[in-house]
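Data first, discussion second: the structure below is written as C-alpha cells.
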Amino acid sequence: MRNCKICQNDFSQKLTLAFIVSFKPYEKQQICRNCREQFEVIQASTACEGCGRDQENQKCCPDCKKWRLIYPSYDFQNQALFVYNDFMKEIIKNYKFNGDYQLRTVFQTALKKKIETIYFDYLVVIPVDSETMSSRGFNQVCGLLTIKHSHFLKRNDTVKEKQSHKNRHQRLELVQPFTLSSDCPDLTDKVVLVVDDIYTTGRTLFYAIDLLASRAKCVKSITLAR
C-alpha cells in the first residue's frame, strides 16, 4: 500500500501477468486510479496544430488564428500533455500557491517522456521573478523537470503584478516581462524548446518566443497543461 500524493488515500499497485512478461521497466505509481482517471490526456492527433489545445481535429484554433495575425512569421508549435480542467487547476493551485512541492513528482515522468520525443538543442524554462522565488522557494517549471535545462530567460522584476492576478484581457495586454541572461550562448542554427507549466492565453510563451526567435533557428514549446 502507498499514499496517493493528490487525495492522500491509500492504494495498491497491482502487477498483471501481461506486465510481468512484457519486461517493461517497473514505474512506481504516485497517484491512485481515481485521481489518475480525472486527468484528460490531450491526443496529438486531434490537438490544435499551434497551441496544442484539445479539440476534434488539428486545425488551427481561433486563439492561434489571432496570434498568427500578430506574429505572421512564426511557425508556432506548442505541445501540451493535459487539459487544464478543474481537477488540474486544483492540483496546480496546491503545487504553485500552497507550496505542495511533492506534487511535482506526479508529472515528472510523463513530461520527461514527452520532451524526449521532441528534437531540440536547448531546453529553456520560463522563469519566475525574484519576489516569487523568495516567497514560494522554487520555480514550479524547474520542479517538473528531471532533465538538464537552461535559464537563458530572466524575469524583468519591474513587471510586478503576477499573471495569476490578471484576467484574460489583462494578460493579453502584459508588457514584455523577459530579458536574455548574460550567459545565453549563440543560438544561431540551434533549436530551442521552451517549457512552461500552463498555457492559458499564450501571452507568456509568445513573449519568450519573440525574444528567442530572432536568435535561434527554431523555437518550440511544451506545457504541462492547456
Side-chain angles (χ1 to χ4, degrees), residues 5-6 13 15 18-31 35-55 58 64 74-85 88 91-92 95-96 101-128 138-153 181 183-199 202 204-206 208-209 212-213 215-226:
K5 291 191 175 180
I6 295 177
Q13 181 175 350
L15 297 180
F19 176 83
I20 294 172
V21 299
S22 71
F23 298 104
K24 292 180 180 179
Y26 174 76
E27 294 181 0
K28 184 178 179 181
Q29 293 180 358
Q30 305 288 330
I31 60 176
C35 286
R36 191 165 60 250
E37 291 179 346
Q38 294 187 65
F39 288 115
E40 296 179 66
V41 178
I42 296 177
Q43 302 299 326
S45 60
T46 55
C48 170
E49 63 181 4
C51 66
R53 179 203 295 269
D54 183 51
Q55 52 186 27
Q58 290 183 308
C64 286
Y74 289 0
D75 180 22
F76 185 52
Q77 303 173 52
N78 182 70
Q79 297 187 46
L81 278 70
F82 303 102
V83 175
Y84 195 41
N85 57 17
M88 177 65 82
I91 293 173
I92 294 299
Y95 173 50
K96 290 174 66 171
Y101 192 56
Q102 71 167 350
L103 286 174
R104 75 194 189 282
T105 63
V106 172
F107 306 106
Q108 286 176 341
T109 298
L111 187 57
K112 180 176 183 289
K113 287 182 177 179
K114 187 70 171 180
I115 289 174
E116 288 175 342
T117 68
I118 305 172
Y119 173 79
F120 62 90
D121 296 298
Y122 292 106
L123 182 67
V124 177
V125 298
I126 294 292
V128 297
F138 63 93
N139 178 325
Q140 72 277 0
V141 181
C142 295
L144 297 172
L145 298 172
T146 57
I147 56 180
K148 181 181 179 181
H149 52 276
S150 303
H151 298 269
F152 297 157
L153 294 173
S181 64
D183 62 345
C184 181
D186 181 5
L187 299 176
T188 304
D189 297 326
K190 300 298 183 182
V191 177
V192 176
L193 179 63
V194 179
V195 58
D196 201 3
D197 55 348
I198 307 299
Y199 183 116
T204 298
L205 280 176
F206 271 102
I209 292 169
L212 294 164
R215 296 165 172 82
K217 176 183 179 181
C218 176
V219 183
K220 308 173 186 179
S221 64
I222 183 170
T223 56
L224 178 66
R226 168 70 171 101

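Scope of the values below: all heavy atoms of this structure, side chains included, with no hydrogens, waters or symmetry mates. Position 1 is the first residue of the sequence; numbering continues from there. Not measured: the values here are computed from a predicted model.
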Main chain of Y101, side chain of R104: is a donor-acceptor contact present, judged purely on distance under 3.5 Å? yes
Do you know which two heavy atoms are closest between I126 and V141, and how far apart they sit? O-CG2, 4.0 Å
Enter the distance from L193:CG to Q79:CD here, rounded to the nearest 0.5 Å. 8.5 Å
V106 vs Y95 side-chain heavy atoms within contact, under 4.5 Å: no
Under 30°, 30 to 60°, or over 60°: which ring-plane class applies to Y122 and F152, parallel, tilted or perpendicular? perpendicular
Verify the ring-centre separation between F206 and Y199: is it less than 6.0 angstrom? no
Where is the tightest heavy-atom contact between L123 and K148, given as atom of each residue plus distance? CD2-O, 3.7 Å
Interatomic distance, I31 atom CD1 to E37 atom CD [nearest 0.5 angstrom]: 10.0 Å
Could you measure the distance from the CD1 atom of I209 to the OH atom of Y74? Nearest 0.5 Å is fine. 8.0 Å
Is the closest side-chain heavy-atom distance between L103 and I6 below 4.5 Å? yes
Going from CD on Q77 to CD1 on I118, what distance comes out if it is rounded to the nearest 0.5 angstrom? 9.0 Å
Are any of the side-chain heavy atoms of P127 and H151 separated by less than 4.5 Å? no
Using modelled atom types and a 3.5 Å cut-off, is there a donor and acceptor pairing between side-chain atoms of N78 and backbone atoms of C48? no
Given R53 and C64, is the side chain to side chain contact (heavy atoms under 4.5 Å, CB included) satisfied, shown in steps? CA-CA 10 Å; R53 179 203 295 269; C64 286; over 6 Å; no
Would a 4.5 Å heavy-atom cut-off, applied to side chains only, mark L187 and D121 as touching? no
Minimum-distance pair of heavy atoms, taken over all atoms of A47 and G52: CB-O, 3.7 Å
Hey, does the side chain of N85 reach the backbone of Q38 with a donor-acceptor pair shorter than 3.5 angstrom? yes
Under the side chain to side chain contact (heavy atoms under 4.5 Å, CB included) rule, what do L144 and Q140 come out as? Steps first, then yes or no, please. CA-CA 7 Å; L144 297 172; Q140 72 277 0; 5.8 Å; no
Would you please test R36 and Q29 for side chain to side chain contact (heavy atoms under 4.5 Å, CB included) and show each step? CA-CA 10 Å; R36 191 165 60 250; Q29 293 180 358; 3.3 Å; yes
Looking at Q58 and A44, what are the two nearest heavy atoms and their distance? NE2-O, 3.1 Å
Quick one, T117 and K113 - any side-chain contact, counting heavy atoms below 4.5 Å? no
Kindly indicate whether the side chain of L111, heavy atoms from C-beta on, has any atom under 4.5 Å from the side chain of T146. no
So, does Q43 use its side chain to make a donor-acceptor pair with the main chain of D54 at under 3.5 Å? no
Quick one, I222 with F120, criterion side chain to side chain contact (heavy atoms under 4.5 Å, CB included). Give me CA distance, side-chain angles, the key distance, then yes/no. CA-CA 12 Å; I222 183 170; F120 62 90; over 6 Å; no
What is the distance from atom CG of L212 to atom SG of C184, rounded to the nearest 0.5 Å? 6.5 Å
Could you verify whether a donor N or O on one side chain and an acceptor N or O on the other, from Q102 and K5, lie under 3.5 Å apart? no
Please give me the minimum heavy-atom distance between C142 and V125, naming the atom from each residue. SG-CG2, 4.0 Å
Can you tell if the side chain of L81 reaches within under 4.5 Å of the side chain of F107, non-hydrogen atoms only? no
Hey, what do you get for NZ (K114) to OG1 (T223), rounding to the nearest 0.5 Å? 10.5 Å
If we only count heavy atoms from C-beta on, is the I42 to R226 side-chain gap below 4.5 Å? yes
In chain order, what residues pass the side chain to side chain contact (heavy atoms under 4.5 Å, CB included) check against K217, with sequence neighbours excluded? none
Looking only at non-hydrogen atoms, find the nearest pair between F76 and S221 and report the distance. CE1-OG, 3.8 Å
